[in-house]
Protein chains: 2
Amino acid sequence: MELIMVFKALSNETRINILIWLKEPRLHFPAEELQDYDANLGVCVSDITKKAGLSPSTTSDYLSLLQKCGLIEATRVGQWTYYKRNEGAIETLNNLIQKAF
Amino acid sequence: MELIMVFKALSNETRINILIWLKEPRLHFPAEELQDYDANLGVCVSDITKKAGLSPSTTSDYLSLLQKCGLIEATRVGQWTYYKRNEGAIETLNNLIQKAF
DNA sequence: TCGGAATTTCGGGAAATATCGATATGTTTG
DNA sequence: CAAACATATCGATATTTCCCGAAATTCCGA
């Protein structure tokens, strides 16, 4: 967990929002878009794309950036990729920030 | 306190370090450079510049960036500007991060 | 197997950031 | 006042980030 990489990832409103949306998907995505959410897979790229209002490619870039620094994790199921928060990593990060600053 | 501005400010190793150095100046600066530290003024720009190994202008830029987003505060005394952490703001920030993520 | 959907990857132009040296401003001291 | 400092600001260039569209990949269903 590279602290600087994490801060870079969080230096963007959309990426911050994605993390917040994924904290409570039911609050932020229409119910019919969350069919596989109960299986704890997360939310798929196209739903996040819609919500973010950006192009699919940008959204995909953002998601893989968040994944690279460990904040979220991906599960591929057929043609969909579901992303969810990596709560353990986020907790670790919070502790790290707490200690460092 | 703009969260994004804070994350941008922290997306740089030197700026992170400055915050950490200022947490415990005695640990990070030679004693003879901390003559006014006991007055709770902070550490002056040239000492931080030396420690950072960057140009004075860059260091000054960094400090005013950190100041703009509220993480540190400045006190001008004669020709010197002393910077110290804004512990209240940093605490607020930690709580904000805790809540948001 | 073919067409289409979801996603990723790639290349690029515009905008923002990093970092410097030069310059400007304000301060102290002779 | 002039010289010497400490710091801040400005202008320039190199690098990075933002965000897109096009193309590639993977998977599914007819």
Side-chain angles (χ1 to χ4, degrees), chain A residues 2 4-19 22 29-30 32-37 41-69 71-84, chain B residues 2-19 22 29-30 32-37 39 41-69 71-84:
Chain A
E2 283 300 326
I4 290 188
M5 287 304 121
V6 171
F7 286 137
K8 283 189 184 179
L10 295 177
S11 297
N12 174 287
E13 179 128 40
T14 301
R15 289 191 299 260
I16 287 186
N17 283 333
I18 289 173
L19 228 44
L22 291 182
F29 297 92
E32 67 269 23
E33 286 181 352
L34 295 174
Q35 308 205 352
D36 291 293
Y37 177 62
L41 296 173
V43 182
C44 74
V45 177
S46 43
D47 296 343
I48 298 171
T49 298
K50 242 178 283 172
K51 177 91 177 166
L54 294 171
S55 71
S57 58
T58 300
T59 307
S60 178
D61 278 344
Y62 283 1
L63 289 168
S64 74
L65 181 63
L66 287 169
Q67 187 192 15
K68 257 179 225 126
C69 64
L71 296 169
I72 63 178
E73 44 195 358
T75 311
R76 180 102 196 193
V77 176
Q79 49 195 155
W80 292 279
T81 305
Y82 297 91
Y83 282 96
K84 67 176 174 184
Chain B
E2 284 299 325
L3 206 50
I4 290 188
M5 286 306 121
V6 172
F7 285 138
K8 283 189 184 178
L10 297 177
S11 296
N12 173 288
E13 180 128 41
T14 301
R15 289 190 300 257
I16 288 187
N17 282 334
I18 288 173
L19 271 188
L22 291 182
F29 297 92
E32 67 272 21
E33 286 180 354
L34 294 175
Q35 308 205 355
D36 291 292
Y37 177 62
L41 295 173
V43 181
C44 74
V45 179
S46 44
D47 296 342
I48 299 172
T49 299
K50 241 179 283 169
K51 178 89 176 170
L54 295 171
S55 71
S57 59
T58 299
T59 307
S60 179
D61 279 344
Y62 282 2
L63 290 168
S64 73
L65 180 64
L66 288 169
Q67 187 192 13
K68 256 179 226 128
C69 67
L71 295 170
I72 63 178
E73 44 195 358
T75 310
R76 181 99 195 196
V77 176
Q79 49 195 155
W80 292 279
T81 305
Y82 297 91
Y83 284 96
K84 67 175 174 184

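Order of the sequence lines sets the chain letters (A, B, ...), proteins ahead of strands, with each chain counted from 1.
- One N or O donor and one acceptor, one from the side chain of B:Gln79 and one from the base of D:dC5, sit under 3.5 Å apart.
- Within the structure, a side-chain polar atom (N or O) of B:Arg15 is placed less than 4.0 Å from OP1 or OP2 of C:dA18.
- Within 4.0 Å of A:Asp61, counting heavy atoms only, lies at least one base atom of the nucleic acid.
- Contacts of B:Ser46 with the nucleic acid, taken as non-hydrogen atoms under 4.0 Å apart, involve only primed sugar atoms and P, OP1 or OP2.
- Proximity of A:Thr58 to the phosphate of D:dC20: a side-chain N or O atom is located under 4.0 Å from OP1 or OP2.
- Counting distance only, with no hydrogens placed and no angle test, the side-chain atoms of A:Ser55 and the base atoms of D:dG21 include no donor-acceptor pair under 3.5 Å.
- One finds a side-chain N or O of B:Tyr83 lying less than 4.0 angstrom from the OP1 or OP2 phosphate oxygen of D:dA8.
- Distance alone, capped at 3.5 Å, is enough to place a donor-acceptor pair between the B:Arg15 side chain and the B:Ala9 backbone.
- Mapping A:Val77 and A:Leu54 onto DNA chain D via the closest heavy atom, the residue that lands nearer the 5' end is A:Leu54.
- What separates CG of A:Leu65 from C1' of D:dT17 is a distance of 10 Å, to the nearest Å.
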Worksheet item: Could you walk me through whether B:Tyr83 and B:Val45 pass the side chain to side chain contact (heavy atoms under 4.5 Å, CB included) check?
Response: CA-CA 7 Å; B:Tyr83 284 96; B:Val45 179; 3.6 Å; yes
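- Looking at B:Tyr37 and B:Leu41, their side chains never come closer than 4.5 Å, going by heavy atoms from C-beta outward.
- Counting only distance, with no hydrogens or angles, the side chain of A:Arg76 and the backbone of A:Gly78 share a donor-acceptor pair below 3.5 Å.
- Atom P of nucleotide C:dT17 and atom CD1 of B:Ile4 are separated by 11 Å, given to the nearest angstrom.
- Across all strands, A:Ser11 comes closer than 4.0 Å only to sugar-phosphate atoms, never to a base (heavy-atom distances).
- Between B:Asn12 and the phosphate of C:dT17, there is no side-chain N or O to OP1/OP2 separation shorter than 4.0 Å.
- Remark on DNA chain D: of its neighbouring residues A:Lys8 and A:Ser57, the 5'-side contact belongs to A:Lys8, judged by nearest-heavy-atom nucleotide.
- In this structure, B:Thr81 reaches the sugar-phosphate backbone alone: every heavy-atom distance under 4.0 Å involves primed, P, OP1 or OP2 atoms, never a base.
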